[in-house]
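What follows is one structure encoded as structure tokens, with my remarks underneath.
Each residue takes its place number in the sequence, starting with 1.
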Amino acid sequence: PVSASAHARQSRRACRLACRTMRSVMAYRGQLQKALVAPVASSLRRCVASGQIVDAAAGGQREFRQRYGLGALTAAGAVGIVAGVAIGDKDMRLRKMQFPPNQLRTCCDAPPPTDAQKALPDQLATVVGSGNVKRNHSQKGSRIGKGTSIAFVSPGTLSEAVKVLELCVAADVAIVPQGANTSLTGASVPRDETSDRPTVVINLRRLRKIMPIEDGKRVVCFAGAGIYDLKEKMKNEYGRDSHSVLGSIFLNPTVAAGVAFGSGGTQIRKGPAYTERALYVKVRADGSTEIVNTLGLKESGDPTKFLDSRESLSSSDFDPKAKGSCSWPNYSELVLNHESSQVSRYNADTTGIDCCRSEGKVLILATMHDTYVIPEVSHVVWVACKDLETAHALKRQVALKGKDCMAKSCEYMNREVYDGVDRAGRILIKMIEIVGMKHLEPLWNLKMAIEMIPLPFMGIICDKFLYWFNGLMPQPLPQTLRDLGRDYEHHVLMELADYSSGEADRLKNSLDEFVKARPEGQVKYHVCQGWEASRANLWRFVVAPAFRTFCIGKGMQGLSIDYALPRNFKEYPGLPEEQYPIANRWVYSHFGCNVYHEDLVYGPSIDVHEAKMEVKHSIENLGGKLPAEHGHGTEYKAPADTQERWKKMDPLNVMNPGVGGTPSFKAYASMPVHAGCCKH
């Protein structure tokens, strides 16, 4: 037993130690960690100040829990928690680190920042304001990729964006252009491990102007405009449809990112995001910047200042002689050629001006796009098929029957997708319904921020909760669609619309004829009414995030790929399943274009990178192309002609270095060369 006064002193010392330790932890944990740790530290301080630490040892022989006061026990527990967190955090960091070889360090280690690079954040702050520059900012990609930039800068005007780029080039840093950071292949975040220079992220999200022209038939979008915002504006103000509707539209990806990747989408007629009318900036071989303007503006001065000064545009602002398509020419005719051995679209296509499929090698500022009539009549139909052959026949004989009899969209998913979304996607569907697509982006960004906290399990805790509590949500689909989902292996979600007079009825008649010509029970369909249509579409759209939740919830590994198959190909590609067993194979597709997404679930012991390379070879051996629309990022090596195109755009390798398997080092060197050091 310890005397009361001595025990109280020990308790107070322990409490103060715990408080100091927590404060030191909070100094680098950030605001989210403060929310968890600060209340405990505050309670300890109140405990010391009020003298509520009681001596429980007086009286000699008592039980352990009676010998120590509440304050001492709380302090000891707090110290233990903090120590455990620190040790766990350190262990997690060590596990993720790639250690240098067991030899002396060489001059090829990344050099310390230069004076110009150290001064760069302050210079950027003078251009965009200190509130729009984050220093030493860490980010992770939507699925892969993680890194830290010396500055994360958000210009608010086109002129600011150009000035920011010029300062970054002068400071000799790597530059990663970024929109909403929804890239699935690691292209939109810094790459610490491979870069020979500090990185600056130029986030263009503040550049959100949307300026329709020609009575809404075309629209000029600043780089940060979201595709959901664009879709809503064109629908509400002009009664027209925007150029791009993606499965990830609820995350509001940027228009510029769609052009940079050549993103496809769900609507067959439109084709991939593509334009020949744009404003973008290139970095020349001498380190200067060049503004490229193919928008066709009459204004002969600085186009950035002109566009910054305008809140709207009209046809009179453009040269009527200006040429250039604002969408992929004749795409519907392309997909109607069912027997072609060519793919419909893919990321490595070198067609078009530099900004198209540039994957960050130029800084896109603004683009012009076609818009489309919104049909007055539209029906969403869920069609269930017993086999894949029937689903392909449905696509050809109904969805792609002819130029004037073509479904608006034709999306495919297999039974494993249906089951997976049911087990891991209900909460996300409910969240979209509650807060709306427009307000989901901040919640998604919060999830990403939580996953960046350097504490054990924080990278997976959100998805663990989404998986654990998924079953508490009610079934999103009506009973009719649930029955189809359970009874059939293949599902096609079609939208039949009146792009020409009576087209929806003609498509519906073709569907009835198709069903009658098949054996009873071979194919069934349900025309969605009211809210059923939105729920059915959401079921398809949440597949990608639900897959991550599914894998983390099950404790399995996941591999996501996207590829385009020849238009005459009617089967699943054979995959190396004997060597790399697949636990679950989620297959879903922009069926009308024969562009597929596969989410493959592997056990913990499988080398997923090796499996991915073998899967890639299997698809390419069939004449397929991958990636089809998610971009090469850090996951795929681009073909030689695509890499050469990027190198001509960015000869110094300043912009998004390392994308598509290109070298990460300055001027595409095979190894870094540091001034004042040895040369390799």
Side-chain angles (χ1 to χ4, degrees), residues 25-39 85 89 92 131-149 152-154 176 178-184 186 188-190 201 203-206 208 224-229 232 246-254 257 421 424-470 472-473 538 541-553 558:
V25 170
M26 288 191 291
Y28 70 89
R29 283 291 187 253
Q31 292 183 351
L32 286 171
Q33 293 99 307
K34 286 181 182 179
L36 301 175
V37 179
V85 166
D89 184 36
M92 182 176 66
N132 295 308
V133 177
K134 299 177 183 178
R135 302 161 193 261
N136 299 317
H137 183 62
S138 296
Q139 280 187 294
K140 68 183 293 293
S142 290
R143 270 196 187 151
I144 63 168
K146 182 179 180 181
T148 301
S149 56
F152 177 93
V153 55
S154 303
V176 175
Q178 187 186 86
N181 190 22
T182 56
S183 170
L184 300 179
S188 59
V189 292
V201 173
N203 181 278
L204 303 171
R205 198 55 157 159
R206 291 177 65 206
R208 304 183 82 130
I227 62 171
Y228 178 77
D229 293 339
E232 290 298 290
L246 307 178
S248 60
I249 191 170
F250 59 87
L251 297 178
N252 207 19
T254 62
V421 172
R426 292 190 198 177
I427 293 178
L428 182 55
I429 291 174
K430 180 56 67 175
M431 286 298 298
I432 294 173
E433 288 190 331
I434 292 173
V435 304
M437 287 192 182
K438 185 176 181 63
H439 303 292
L440 191 69
E441 183 184 357
L443 295 176
W444 183 262
N445 292 337
L446 175 62
K447 178 178 181 287
M448 300 277 284
I450 292 172
E451 291 172 356
M452 280 294 296
I453 296 174
L455 293 173
F457 310 113
M458 296 307 290
I460 62 172
I461 191 64
C462 294
D463 287 288
K464 280 289 188 183
F465 276 114
L466 289 173
Y467 186 80
W468 290 336
F469 296 112
N470 182 77
L472 298 180
M473 291 292 107
L538 284 176
F541 283 175
V542 303
V543 174
F547 175 66
R548 173 179 165 83
T549 299
F550 181 87
C551 289
I552 290 176

In Å and rounded to the nearest 0.5 Å, what is the [atom1] to [atom2] distance from [X] to [Y]?
{"X": "H137", "Y": "M452", "atom1": "NE2", "atom2": "CE", "result": "7.5 Å"}
{"X": "K134", "Y": "S154", "atom1": "NZ", "atom2": "OG", "result": "7.0 Å"}
{"X": "L538", "Y": "K430", "atom1": "CG", "atom2": "NZ", "result": "10.5 Å"}
{"X": "I227", "Y": "N252", "atom1": "CD1", "atom2": "CG", "result": "7.0 Å"}
{"X": "N132", "Y": "N203", "atom1": "CG", "atom2": "CG", "result": "10.0 Å"}

To check you understand the geometry: which heavy-atom pair defines the closest contact between [X] and [Y], and what is its length?
{"X": "G425", "Y": "A546", "value": "CA-CB, 4.0 Å"}
{"X": "S138", "Y": "T148", "value": "OG-OG1, 2.6 Å"}
{"X": "G558", "Y": "C551", "value": "CA-SG, 3.8 Å"}

**Request:** Hey, can you tell me if Y467 and F550 have their rings parallel, tilted or perpendicular (30° and 60° cut-offs)?
**Result:** perpendicular
Using residues 453-461 as the side-chain source, report each donor-acceptor pair under 3.5 Å to any protein atom, sequence neighbours left out, with the distance given to one decimal.
none

Should [X] and [Y] count as side-chain neighbours, where that means a heavy-atom distance under 4.5 Å?
{"X": "Q139", "Y": "M448", "result": "no"}
{"X": "L428", "Y": "L466", "result": "no"}
{"X": "K140", "Y": "V189", "result": "no"}
{"X": "V435", "Y": "L443", "result": "yes"}

**Message:** List the residues meeting side chain to side chain donor-acceptor pair (under 3.5 Å) with K447, not counting sequence neighbours, and say none if there are none.
**Reply:** E451, D463
**Request:** Tell me, please, which residues at least two apart from S188 pass side chain to side chain donor-acceptor pair (under 3.5 Å).
**Result:**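 Only N181 meet the side chain to side chain donor-acceptor pair (under 3.5 Å) criterion with S188.
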**Request:** Assess whether side chain to side chain contact (heavy atoms under 4.5 Å, CB included) is satisfied between I427 and T549, documenting all intermediate values.
**Result:** CA-CA 11 Å; I427 293 178; T549 299; over 6 Å; no
**Message:** List the residues meeting salt bridge (Lys or Arg N to Asp or Glu O under 4.0 Å) with E232, not counting sequence neighbours, and say none if there are none.
**Reply:**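 Applying salt bridge (Lys or Arg N to Asp or Glu O under 4.0 Å) to E232 gives K235.
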**Item:** Any residue meeting side-chain contact (heavy atoms from CB on, under 4.5 Å) with N470, in chain and number order, not counting sequence neighbours
**Value:**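 Only R426 meet the side-chain contact (heavy atoms from CB on, under 4.5 Å) criterion with N470.
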**Asked** Sub-3.5 Å donor-acceptor pair from the side chain of R205 to the main-chain atoms of A180, do we have one?
**Response**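 No; judged by distance alone, with no hydrogens or angles, the pair does not exist.
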**Prompt:** Who passes ring pair (Phe, Tyr, Trp, His ring centres under 6.0 Å) against F469, sequence neighbours left out?
**Reply:**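 Once residues adjacent in sequence are excluded, the partners of F469 under the ring pair (Phe, Tyr, Trp, His ring centres under 6.0 Å) criterion are F465.
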